[in-house]
Protein chains: 2
Amino acid sequence: MADGRRVRGQRSREAILGSAVALASVDGLGGLSLGRLAEAAGVSKSGFFAHWRDKQELQLDAVEWAARQWVEHVIVPASAAPKGVRRVFALHEARLAFYRDGVLPGGCFFFVAQVEFDDKPGPVKDRVAQAMNDWLGYLEHTVREAVDRGELRADPAQLAYEIEALGEAAVTHSRLRDGPTAFAHARRAVLDRLRALSPTPELLPED
Amino acid sequence: MADGRRVRGQRSREAILGSAVALASVDGLGGLSLGRLAEAAGVSKSGFFAHWRDKQELQLDAVEWAARQWVEHVIVPASAAPKGVRRVFALHEARLAFYRDGVLPGGCFFFVAQVEFDDKPGPVKDRVAQAMNDWLGYLEHTVREAVDRGELRADPAQLAYEIEALGEAAVTHSRLRDGPTAFAHARRAVLDRLRALSPTPELLPED
DNA sequence: ACACAATATGACCGATCGGTCGTTTTTATT
DNA sequence: AATAAAAACGACCGATCGGTCATATTGTGT
C-alpha cells in the first residue's frame with residue numbers, strides 16, 4: 001500500500017531525528033529544546049506533535065535512531081574483519097574512527113545519554129540501558145568468538161568492560177585534553193591488552 | 001582579624017556549595033536550577049546573589065569545592081599506602097570506594113562535568129579541564145614514582161589514561177547495569193594490568 | 001553611639017521552556 | 001468530485017528559568 005503521506009512524514013521524521021541525535025550528543029537528551037531543534041531541522045515547533053506525542057516519545061525514538069547509526073558506522077564496517085581477535089580490534093578502531101571523524105558533533109550520543117540518565121529512572125533510562133546492553137552483549141559475543149577460536153585467553157565479560165571503558169574515555173579526553181594523544185592512548189591500551197592475551201599476536205598490528 | 005559576618009557567610013556558602021555539587025553530580029552543572037538549589041540548601045533564591053554574581057560564578061566555585069572533596073576522599077586516604085605500585089592501586093581502590101559508598105548521589109561530579117562541558121567553550125570548561133589535568137597529573141606522578149622505584153615498567157601517561165578510563169566507566173556501568181559486577185570488573189582490570197607490568201607483583205593482592 | 005557593610009528576603013522582570021489549539025494545506029481513498 | 005486523514009503552521013498558555021531591585025536585618029569597625 002503506497003501511502004505518500006506516510007512517505008513525506010517519514011522524511012521529516014528522519015530529518016528531525018538526525019538533528020535531534022546530533023544536538024543531543026552535545027547538550028544531552030534533556031538539554032534538547034524543541035524550539036532550537038525545530039530551527040535546526042527547519043520546521044515549526046508545533047510540527048513535532050504531528051509525529052510525537054511529547055518530548056519523551058522523541059527521546060525514545062532518538063535512542064533508536066542513534067542505535068541504528070552505531071550499527072551502521074561501527075558494527076557493519078568492523079564485520080569486514082575476519083571473526084576472532086582481529087574483529088575485536090576492528091570494532092575498537094571503528095569506534096575510535098567514529099569519534100575522530102566527528103560523525104556526531106558531541107562525539108558519542110550514548111556516552112552522553114548514559115551519564116545523563118543513569119540516575120533518572122523512567123522509560124528513557126530503560127531504553128538507553130537496553131541499547132547499552134545490546135552493544136556490550138555484541139562486544140562480548142565478538143570476544144567469545146575469538147576465545148572459541150583460540151585467539152584469546154580471557155573472560156569475555158571482563159574484557160568487554162575494559163574495551164568499552166578504554167574506548168569511551170577517548171571522547172572526553174580528546175575534547176578536554178589533547179585529541180591525538182587521547183586516541184593514541186585508547187588505541188594502544190586495547191592493542192597491548194589484546195596482544196598480551198592472545199596466543200597469536202601476529203594477527204594484530206605491532207603498533 | 002575576626003570577622004563574624006564573613007564567618008556566617010562562609011557557612012551559608014559551604015552549605016550551598018555542598019548542595020550544588022551533590023545536585024550537579026546528578027543533573028549536571030547546567031541542570032542546576034537556582035530555585036531547586038535554594039530549596040535544597042534551605043535559603044531563598046535571591047540569597048545567592050550576595051555570594052555569587054551569577055550562575056557561572058557558582059559553577060566555578062562548585063568545581064573548586066568538588067576538587068577539594070576529591071582530594072579529601074581519594075588522594076589523602078591513598079597516601080597511607082607506601083609510594084610505588086601499591087599507592088597507584090590504592091588510588092584506584094579509593095576512587096571505586098568513593099563511587100560505591102555514594103559520597104555523591106550522582107556518583108562523580110567530574111565525570112558529569114566533563115561530559116557536559118567538553119564541547120562548551122568558556123570559563124567553566126577551562127576550569128573543569130584544569131581540574132582534570134591536575135588529577136591526571138597526580139595519577140601520572142604516582143605511576144612515575146612506581147616506575148622510578150622499579151616497581152612498574154610502563155609509560156606513565158599511557159597507564160594513567162588506562163586507570164582513569166577503567167575507573168570512570170564504573171560510574172555508569174554500576175548504575176545502568178549491575179553494580180557489584182561493574183566494580184569487580186573495574187578493580188580486576190587495573191589489578192591485572194598492574195601485576196602484569198610489575199616486576200614485583202607480590203606487592204599487590206592476588207585478587 | 002553611629003555609620004557602614006554584609007546577609008538575606010520577597011516581589012518582580014523578560015525570556016524560554018514544553019505543550020495545546022484551531023486552522024490551513026496537502027494527499028490518499030472512495 | 002467528495003471526503004477523511006495526515007502534515008504543518010502561528011498563536012497562545014502556564015510554568016520555570018536566570019537575574020534585578022528595593023528593603024529589612026544583623027554584625028563590625030571607629
Side-chain angles (χ1 to χ4, degrees), chain A residues 1-21 23-24 26-63 65 113 116-117 120 122-125, chain B residues 1-21 23-24 26-63 113 116-117 120 122-125 127:
Chain A
M1 169 172 51
D3 191 340
R5 293 170 299 184
R6 295 289 172 98
V7 169
R8 189 160 66 101
Q10 284 296 333
R11 284 201 189 128
S12 295
R13 234 182 96 92
E14 290 294 314
I16 292 170
L17 283 174
S19 301
V21 170
L23 287 180
V26 176
D27 296 313
L29 277 168
L32 242 181
S33 149
L34 299 186
R36 287 188 290 120
L37 179 51
E39 195 178 5
V43 297
S44 79
K45 200 179 78 169
S46 48
F48 285 110
F49 300 95
H51 298 279
W52 296 278
R53 215 179 318 155
D54 52 27
K55 190 179 181 177
Q56 181 174 289
E57 295 292 324
L58 173 68
Q59 291 173 329
L60 291 170
D61 278 352
V63 176
W65 197 93
E116 189 179 1
F117 281 94
K120 290 175 187 166
V124 181
K125 168 178 175 173
Chain B
M1 167 173 52
D3 190 341
R5 293 171 299 182
R6 296 288 172 98
V7 168
R8 189 161 66 100
Q10 285 295 333
R11 281 197 192 133
S12 296
R13 233 182 95 94
E14 291 294 315
I16 292 171
L17 282 174
S19 302
V21 170
L23 288 181
V26 176
D27 296 314
L29 278 168
L32 242 181
S33 148
L34 298 185
R36 287 188 290 121
L37 179 51
E39 195 178 6
V43 298
S44 78
K45 200 179 78 170
S46 48
F48 284 110
F49 300 95
H51 297 278
W52 297 278
R53 214 179 318 156
D54 52 27
K55 190 178 181 179
Q56 181 173 289
E57 294 293 323
L58 172 68
Q59 290 173 329
L60 290 171
D61 278 352
V63 176
E116 189 179 0
F117 281 95
K120 289 175 187 165
V124 181
K125 167 178 175 173
R127 189 65 194 81

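Convention: sequence-line order gives letters A, B, ...; per-chain numbering from 1.
- At the heavy-atom level, L32(B) lies under 4.0 Å from the strands shown only through sugar-phosphate atoms.
- For K55(A), the side-chain atoms get nearest to dG18(C) when compared with the rest of dT20(C), dG18(C), dC17(C).
- Scanning both residues, A62(A) and L29(A), for their nearest heavy atoms gives CB-CD2, 4.2 Å.
- For L34(B), taking side-chain heavy atoms from C-beta onward, the closest of the listed nucleotides dT9(C), dG18(D), dA11(D) is dG18(D).
- Within the 4.0 angstrom heavy-atom criterion, no nucleotide atom of any strand lies near F48(A).
- When every heavy atom of L23(A) is checked against every heavy atom of A40(A), the shortest pair comes out as CD1-CB, 4.1 Å.
- Nucleotide dG18(C) holds its P atom 18 Å from the CZ atom of R53(A), rounded to whole Å.
- Protein atom CZ of F49(B) is 17 Å distant from nucleotide atom C1' of dT23(D), rounded to whole Å.
- Using five terminal pairs a side, the axes of the helix from dA1(C)-dT30(D) to dT30(C)-dA1(D) at its two ends make an angle of 10°, given in steps of 10 degrees.
- Closest of all the heavy-atom pairs between V124(B) and L60(B) is CA-CD2, 3.8 Å.
- Within the 4.0 angstrom heavy-atom criterion, only backbone atoms of the sugar-phosphate kind lie near S33(A); the bases stay farther away.
- Distance, W52(A) CH2 to dT20(C) C1': 18 Å, rounded to whole Å.
- Across dA8(C), dA8(D), dT20(D), the shortest atom-to-atom separation from the side chain of S12(B) is found for dA8(C).
- With hydrogens and angles ignored, a donor-acceptor pair under 3.5 angstrom links the side chain of S46(B) to the base of dG10(C).
- Although no hydrogens or angles enter the test, the distance criterion places no donor-acceptor pair under 3.5 Å between the side chain of K120(B) and the main chain of D27(A).
- Minimum atom distance to the side chain of H51(B) is reached by dA8(C), of the listed dA8(C), dC17(C), dT20(D).
- Here dC17(D) presents its P atom at 12 Å from CG of L23(B), a figure rounded to the nearest Å.
- Atom CZ of R13(B) and atom P of dA8(C) are 12 Å apart (whole Å).
- Put simply, the side chain of K45(A) and the base of dG10(D) share no donor and acceptor less than 3.5 Å apart.
- Listed candidates were dT20(D), dC9(D), dA8(C). Nearest to the side chain of A50(B) is dA8(C).
- When all heavy atoms are compared, the tightest approach of W52(B) to D61(B) is NE1-OD2, 2.7 Å.
- Taking both residues in full, the closest heavy atoms of F49(B) and D54(B) are given as CE2-CA, 4.3 Å, listed atom of the first, atom of the second, then distance.
- At whole-Å resolution of the value, CZ in R11(B) and C1' in dT7(C) are 14 Å apart.
- Atom pair Q10(A):CD and dT26(C):P shows a separation of 21 Å (rounding to whole Å applied).
- For the residue pair W65(A)/E14(A), the side-chain donor-acceptor check at 3.5 Å is satisfied.
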